[in-house]
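Remarks on the structure that follows.
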Amino acid sequence: MERKVVTTNRKAFHDYNIFEKYTAGIVLTGTEIKSIRNNAINLKDSFCKIEDNEVFLYKCHISPYEHGNRYNKDPQRTRKLLLNKKEILKLQSKVKKENYTIIPLEIFFQGSLAKLEIGLAKGKKLHDKRSDLAQKDLKREIERATKIKQQ
């Protein structure tokens with residue numbers, strides 16, 4: 001199936017090392033899905049938690065649909081994520097034992113369904129962020145140099 005990416009959480013890749021990725025469905029209302037189709041979603045400060053063997057998405061801002069009037073829900077309400085029981089248990093054990101966090105990485109459409117890619121991550125230290133930026137700069141300069149030589 002074709003995968004159309006709506007938005008990515010670029011801050012997550014800067015602040016965290018991502019070790020594993022999972023795809024989850026999201027429980028949404030009709031006006032929320034219309035807002036997502038209009039790219040009116042922000043994953044910047046959002047995170048996931050496991051409660052009672054269910055995964056929930058917190059602080060994900062989906063702007064109210066402009067023609068939704070009374071059917072619009074709270075933009076930052078908690079949303080349930082749909083995962084297999086095995087995946088939830090695996091995530092739960094890693095979060096408890098190895099101090100991982102669950103971070104939403106991107107929202108995309110798979111067919112007509114909105115899906116969320118979540119990642120098991122650990123926070124980067126300041127020196128890790130600096131070394132990553134230095135590596136990116138070095139890689140960019142190497143690409144520029146090879147591009148100039150080819151012309």
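Keep in mind the model is a prediction, meaning the values are calculated, not measured. Position 1 is the first residue of the sequence, and the numbers go up from there.
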- Task: Examine Ile103 and Tyr22 and state if one hydrophobic cluster contains both, with Ile, Leu, Val, Met, Phe, Trp and Tyr joined whenever side-chain heavy atoms are less than 4.5 Å apart.
- Result: no

- Message: Can you confirm whether Lys122 is buried at NZ, in the sense that more than 12 heavy atoms of other residues, nucleotides or ligands lie under 6.0 Å from that atom?
- Response: yes

Just list the side-chain donor-acceptor pairs under 3.5 Å for residues 5-14, sequence neighbours left out, or say none.
from : atom 1 : to     : atom 2 : distance (Å)
Asn9 : OD1    : Ala12  : N      : 3.4
Asn9 : ND2    : Leu43  : O      : 3.1
Asn9 : ND2    : Pro104 : O      : 3.0

- Within-4.5 Å side-chain heavy-atom neighbours: Lys86 and Lys90: no

- Message: Please tell me whether Phe109 and Ile26 are part of a single hydrophobic cluster in this structure, the criterion being side-chain heavy atoms less than 4.5 Å apart.
- Response: yes

- Selection residues 77-108 - residue pairs positive for ring pair (Phe, Tyr, Trp, His ring centres under 6.0 Å), sequence neighbours left out: Phe19-Tyr100

Under 3.5 Å, sequence neighbours excluded: what are the donor-acceptor pairs made by side chains of residues 27-35?
from  : atom 1 : to    : atom 2 : distance (Å)
Thr29 : OG1    : Glu32 : OE1    : 3.4
Thr31 : OG1    : Tyr71 : O      : 3.4
Glu32 : OE1    : Thr29 : N      : 3.0
Glu32 : OE1    : Arg77 : NH2    : 2.8
Glu32 : OE2    : Arg77 : NE     : 2.9
Glu32 : OE2    : Arg77 : NH2    : 3.4
Glu32 : OE2    : Arg79 : NE     : 3.3
Glu32 : OE2    : Arg79 : NH2    : 3.0
Ser35 : OG     : Thr31 : O      : 3.3
Ser35 : OG     : Ser63 : O      : 2.7
Ser35 : OG     : Tyr65 : N      : 3.3

- Backbone N or O of Lys44 within a donor-acceptor pair of the Asn42 side chain at under 3.5 Å? yes

- Determine, using the 4.5 Å side-chain heavy-atom cutoff (strictly less than), whether Leu57 and Ile36 are members of one ILVMFWY cluster. yes

- Lys/Arg-Asp/Glu bridge criterion (N-O < 4.0 Å) met for Asp132, Lys129: no

- Item | Donor-acceptor under 3.5 Å (Thr78 side chain, Tyr58 main chain) | no

- Task: For a side-chain contact (heavy atoms from CB on, under 4.5 Å) with Leu81, tell me which candidate from Val55, Ile50, Ile88 qualifies.
- Result: Val55

- Answer with yes or no whether the hydrophobic clustering places Tyr16 together with Leu120; edges join I, L, V, M, F, W, Y residues whose side-chain heavy atoms lie under 4.5 Å apart. no

